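First up is the structure itself, then whatever we jot down about it.
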Amino acid sequence: MSMLRAATVALALAALAATAAAQDKVAYHVNDTASQALSALRNVRNHLDTDPKAKVTVVTHANGIDFLMEGAKDPNGGEYAALVSALAARGVKFEICEITLKNRNLRKEQFIQEAEFTPSGVVRLAKMQLEGYAYIKP
């Protein structure tokens with residue numbers, strides 16, 4: 001085997017190994033708190049229990065931002081903040097659409113400290129998919 005061919009094979013194998021060891025990237029999309037938030041948070045927890053190295057981002061817009069508001073409670077009366085905080089401690093990011101804030105006359109100060117903001121939730125989701133994120137809609 002020529003040196004050039006051996007180098008090419010070695011590079012291909014190295015790239016394959018790097019891909020195999022790559023961290024899974026997942027975008028969870030929540031646009032309705034009432035029907036999606038609790039199941040999304042449970043899905044994320046289960047996802048990390050099975051794949052602790054996964055890079056998970058929860059992108060919210062429309063009524064999906066409500067569970068990230070200060071004092072928001074699930075249908076059982078528990079505060080979402082505890083679940084969000086536990087997941088954030090495991091590396092999960094929670095992003096809120098700023099267009100939604102503007103349309104609903106809300107302020108960033110109304111949200112829990114774990115919340116981050118993105119100019120547009122749907123644009124963020126599209127870009128994440130182009131960057132190789134898997135898309136999950138609970």
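Note that the coordinates shown come from a computational prediction; the quantities given were computed from them, not determined experimentally. Index from 1, following the sequence.
- By the 4.5 Å heavy-atom criterion applied to side chains, Met128 and Val59 are counted as neighbours.
- A salt bridge links Glu98 with Lys108: the distance from a Lys NZ or Arg NE/NH1/NH2 to an Asp or Glu carboxylate oxygen falls below 4.0 Å.
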- [ ] Give the C-alpha distance, both sets of side-chain angles, the deciding distance and a yes or no for side chain to side chain contact (heavy atoms under 4.5 Å, CB included) between Arg124 and His61.
- [x] CA-CA 11 Å; Arg124 177 74 169 126; His61 67 97; over 6 Å; no

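- A perpendicular orientation is assigned to the rings of Phe94 and Phe67, their planes being inclined by more than 60° (bins at 30° and 60°).
- More than 12 heavy-atom neighbours from other residues, nucleotides or ligands sit within 6.0 angstrom of NZ on Lys25.
- Thr100 places a side-chain N or O within donor-acceptor distance of the main-chain N or O of Ala62, the cut-off being under 3.5 Å.
- The two residues Lys53 and Gln23 have their closest heavy-atom pair at O-NE2, 2.6 Å.
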TODO: Please step through side-chain hydrogen bond (donor to acceptor under 3.5 Å, both in side chains) for the pair Asp32 and Ser35, ending with a clear verdict.
DONE: CA-CA 6 Å; Asp32 183 61; Ser35 66; 2.6 Å; yes

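- Residues Val58 and Val92 form a side-chain contact, since some pair of their non-hydrogen atoms from C-beta on lies under 4.5 Å apart.
- In this view, Arg104 and Asp66 satisfy the side-chain hydrogen bond (donor to acceptor under 3.5 Å, both in side chains) rule, not counting sequence neighbours.
- Using a 4.5 Å cut-off between side-chain heavy atoms of Ile, Leu, Val, Met, Phe, Trp and Tyr, with links allowed through other members, Leu68 and Ile136 fall into the same hydrophobic cluster.
- Note that NZ of Lys102 is 11.0 Å distant from SG of Cys97, once rounded to the nearest 0.5 Å.
- In this structure, CG in Leu38 is found 6.5 Å from CG in Asn76, a value given to the nearest 0.5 Å.
- The minimum heavy-atom distance linking Gln110 with Asn105 is given by the pair OE1-O, 4.5 Å.
- Tested against Gln36, the residues Thr60, Asn63, Asn31 include a single side-chain hydrogen bond (donor to acceptor under 3.5 Å, both in side chains) partner, Asn31.
- Val122 and Leu101 are not part of a single hydrophobic cluster, where members link through side-chain heavy atoms under 4.5 Å apart.
- Scanning all heavy atoms of the two residues, the minimum distance from Ile96 to Ala115 falls at CD1-CB, 3.6 Å.
- When side chains are defined from C-beta on, Glu114 does not count as touching Leu87, because their heavy atoms never get closer than 4.5 Å.
- Annotation for Lys137: atom NZ counts as buried by contact number, over 12 foreign heavy atoms lying within 6.0 Å.
- The minimum heavy-atom distance linking Leu48 with Ala54 is given by the pair CD2-O, 3.8 Å.
- In this structure, Ser120 contributes its side chain and Val123 its backbone to a donor-acceptor pair below 3.5 Å.
- Taking CZ of Arg45 as the reference point, atom OG1 of Thr50 lies at 11.0 Å (rounded to 0.5 Å).
- Here the straight-line distance linking atom OH of Tyr28 with atom OH of Tyr135 works out to 12.5 Å at 0.5 Å rounding.
- Taken from NZ in Lys55 to OH in Tyr133, the straight-line distance is 3.5 Å, to the nearest 0.5 Å.
- Ile65 and Val44 fall within a single hydrophobic cluster, where Ile, Leu, Val, Met, Phe, Trp and Tyr are joined by side-chain heavy atoms under 4.5 Å apart, directly or via other members.
- In the hydrophobic clustering of ILVMFWY residues, with side-chain heavy atoms under 4.5 Å counting as a link, Ile99 and Leu125 come out apart.
- Counting all heavy atoms, side chain and backbone alike, Pro138 lies closest to Asn43 at CB-ND2, 3.7 Å.
- Atom CD1 of Ile112 is separated from atom OG of Ser85 by 7.5 Å, given to the nearest 0.5 angstrom.
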